[in-house]
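Since the structure comes first, as structure tokens, the remarks are kept for the end.
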Amino acid sequence: MFKKQIGIPSAEEILAAQPLPASLQKVKGERDRLAKDVIAGREDKLLVIVGPCSAHESRPVLEYVKRLGKLNEQVKDKLVLIPRIYTNKPRSKGVGYKGMFSQPDPENKEDILKGIRTIRDLHIHAIEESGLSAADEMLYPENYAYVEDLLTYIAVGARSSENQMHRLVSSGIELPVGMKNPTGGSIPVLLNSIYASQSPQVFKYHNWQVETAGNEYAHAVLRGMSDNYGNDIPNYHYETVMQVLDGYKKSGGELKNPAIIIDSNHANSNKKFHEQIRIVEEVLQNRKYSADFKSVIKGFMIESFLEEGCQKHDEIFGKSITDPCLGWADTERLILDIAYKA
């Protein structure tokens, strides 16, 4: 049984009531072009999708993004910095804090309508104050329409990349969509997700039968995997990257724009957040070793916030309330190092 609580306006109504200003649309348009050009190999830069595990409160996220915007001025010739403003939080057991979209105040109950308005306000102010449009995870495909005018990068998580609706909606997005390998680590399943997302589709979406042209910017994200006993197994190493590249090549051109983003946290780091630095450094070294490796590695995902680590409740400003993150000082050093070695 479903008990109705609050009526949610359509995405069109929400976007009309809280639009992205025209001046910021121009900023976002240029950012979108840069991100797509990196994935397609038209720009010899790296994407760095960096920010907190989940955006649970606006003020520290805006402070973080402002710092990132200043740092961007130092590295923009080598990198495209994309803030992680993740407003949906997947839960392994389906319960707990599910992100700002559902729960704009993590200490209070769900209020989705307020959450939608809060995250739109956050994204708009983030672009305004930093000049950087952001990334978010498409945890619930139907919800993407409420933020589709604000984002430059979309991630599809390990639990979602096998889901048909995620693949179908990704096929209609005209931005880079990173399909994470499933938790079991299957490369064929990952490549099937990319194939489905790059293919034209017809399906039901927001009470319409819609047709898509396919998204040539859908690509692979390697985030590590877990075995049947819950042990984390990394897959950022040279061997796995080359297996994925081989899968792209064996598609005979059916998979467009071969591209891999390395997620430096999650199962790759066993959620030991300091390991992200070592993982990024190893990948950068492998880019020097192999031209093929370098050609397919298009960037990194890094979990980072103002303060390192995590906390159970929002007591320390700028510290994650979900997975532990790098602090700002380590993040700044790491980004400058990536730019130097890119």
Kindly compute the distance separating CZ (R223) from OH (Y236), expressed to the nearest 0.5 Å. 14.5 Å
Between the side chain of K114 and the main-chain N/O of P104, is any donor-acceptor distance below 3.5 Å? no
Same apolar cluster: L139 and L122, side chain cutoff 4.5 Å: no
Is the backbone of K76 close enough, under 3.5 Å, to the side chain of N72 for a donor and an acceptor to pair up by distance? no
Do S102 and Y97 have side-chain N/O donor and acceptor atoms under 3.5 Å apart? no
Full working for side-chain contact (heavy atoms from CB on, under 4.5 Å) between Q201 and R167: CA-CA 9 Å; Q201 305 285 357; R167 295 173 172 187; over 6 Å; no
Please check if Y140 and I116 belong to a single hydrophobic cluster, counting links between Ile, Leu, Val, Met, Phe, Trp and Tyr side chain heavy atoms closer than 4.5 Å. no
Could you tell me whether K70 and E73 make a salt bridge, using a distance below 4.0 angstrom between a side-chain N and a carboxylate O? no
So which residues get pulled into Y217's cluster when ILVMFWY side chains under 4.5 Å apart are joined, directly or through others? L34, V38, I39, L47, I49, V80, I82, Y86, Y153, V221, I261, M301
Non-hydrogen atoms of S320 and G309 that approach each other most closely: CB-O, 3.9 Å
What's the shortest heavy-atom distance between S161 and S193, and which atoms? O-OG, 2.6 Å
Can you check whether M179 reaches S197 side chain to side chain, under 4.5 Å on heavy atoms? yes
Can you tell me if E129 has over 12 outside heavy atoms packed within less than 6.0 Å of its CD? yes
Once side-chain contact (heavy atoms from CB on, under 4.5 Å) is applied, do any residues pair with L336, and if so which ones, sequence neighbours excluded? L71, Q74, V75, E332
Rounded to the nearest 0.5 Å, what's the gap from CG on N286 to CD on E281? Could you check? 11.5 Å
Mind checking what makes ring-ring contact (aromatic ring centres under 6.0 Å, His included) contact with Y238, not counting sequence neighbours? Y289, F293
Give a yes-or-no answer on whether the side chains of N181 and N235 include a donor-acceptor pair shorter than 3.5 Å. yes
Tell me whether the count of non-hydrogen atoms from other residues, nucleotides or ligands lying under 6.0 Å of OH in Y205 goes above 12. yes
May I ask you to list the residues sharing a hydrophobic cluster with F2, side-chain cutoff 4.5 Å, ordered by chain and number? none
Determine, stepwise, if the pair V50 / Y64 fulfils side-chain contact (heavy atoms from CB on, under 4.5 Å). CA-CA 10 Å; V50 58; Y64 180 93; 3.3 Å; yes
Donor-acceptor contact below 3.5 Å, side chain S170 vs main chain H166: yes
Tell me, with the steps shown, if H56 and D314 meet side-chain hydrogen bond (donor to acceptor under 3.5 Å, both in side chains). CA-CA 8 Å; H56 67 271; D314 189 13; 3.2 Å; yes
Quick one: do V177 and V189 end up in the same hydrophobic cluster if we chain Ile, Leu, Val, Met, Phe, Trp and Tyr together by side-chain heavy atoms under 4.5 Å apart? no
Is a side-chain donor-acceptor pair under 3.5 Å present for E275 with S269? no
Who passes salt bridge (charged side-chain N to carboxylate O under 4.0 Å, His left out) against R84, sequence neighbours left out? E303
Sub-4.5 Å side-chain heavy-atom contact between I277 and L326: yes
Report yes or no: do F300 and M225 belong to one cluster of Ile/Leu/Val/Met/Phe/Trp/Tyr joined by side chain heavy-atom distances under 4.5 Å? no
Please check if atom CG in D44 has more than 12 non-hydrogen atoms from other residues, nucleotides or ligands closer than 6.0 Å. no
Salt-bridge contact R59-E63 (side-chain N to carboxylate O under 4.0 Å): no
CG/L132 to OG1/T152 distance, rounded to the nearest 0.5 angstrom? 9.0 Å
Testing the basics here: between K45 and D77, what is the closest heavy-atom pair and its distance to 0.1 Å? CE-O, 3.5 Å
Are V147 and L62 connected, step by step, through hydrophobic side chains (Ile, Leu, Val, Met, Phe, Trp, Tyr) whose heavy atoms are closer than 4.5 Å? yes
So CG of D32 and NZ of K36: to nearest 0.5 Å the spacing works out to 6.0 Å
Using a 4.5 Å cut-off on heavy atoms from C-beta on, say whether the side chain of F317 contacts that of E307. no
Spatial distance of atom OG1 (T212) from atom CD (Q198) [nearest 0.5 Å]: 12.0 Å
For the pair K298 and D37, find out whether any cationic side-chain nitrogen is under 4.0 Å from an anionic carboxylate oxygen. no
Output, in order, the C-alpha distance, side-chain angles, deciding distance and verdict of side-chain hydrogen bond (donor to acceptor under 3.5 Å, both in side chains) for H206 and E12. CA-CA 11 Å; H206 284 270; E12 292 84 355; 6.0 Å; no
Just wondering, more than 12 heavy atoms not from E107 lying within 6.0 Å of its CD? yes
Would you check if R120 and I14 make a side-chain contact, meaning some heavy-atom pair closer than 4.5 Å? yes
Quick one: pull up CG in N270 and CG in D232 and give me the separation to the nearest 0.5 Å. 4.5 Å
Any N88 side-chain heavy atom under 4.5 Å of K98 side chain: no
Please walk me through it: do S10 and E13 pass side-chain hydrogen bond (donor to acceptor under 3.5 Å, both in side chains)? CA-CA 5 Å; S10 69; E13 291 172 303; 3.1 Å; yes
Would you call D337 and R333 a salt bridge, taking side-chain N to carboxylate O under 4.0 Å as the test? no
Side chain proximity check, L20 to Q25, heavy atoms < 4.5 angstrom: yes
Under a single-linkage rule joining Ile, Leu, Val, Met, Phe, Trp and Tyr whose side-chain heavy atoms are separated by less than 4.5 Å, which residues share a cluster with V202? none
Check: D121 and S58 side chains under 4.5 Å, non-hydrogen atoms: no
If you count the non-hydrogen atoms of other residues, nucleotides and ligands that lie under 6.0 Å from CD in E30, is the total more than 12? yes
Is there a donor in the side chain of S171 and an acceptor in the side chain of N215, or the other way round, less than 3.5 Å apart? no
Check whether the ring centres of W328 and F305 lie less than 6.0 Å apart, and answer yes or no. no
Show your working on side-chain contact (heavy atoms from CB on, under 4.5 Å) between L168 and Q164 and close with a plain yes or no. CA-CA 6 Å; L168 294 174; Q164 185 74 350; 4.0 Å; yes
Just do the side-chain contact (heavy atoms from CB on, under 4.5 Å) check on D323 and K271 with the steps written out, would you? CA-CA 7 Å; D323 290 349; K271 293 188 178 179; 3.6 Å; yes
Does some side-chain heavy atom of L79 sit less than 4.5 Å from a side-chain heavy atom of I335? yes
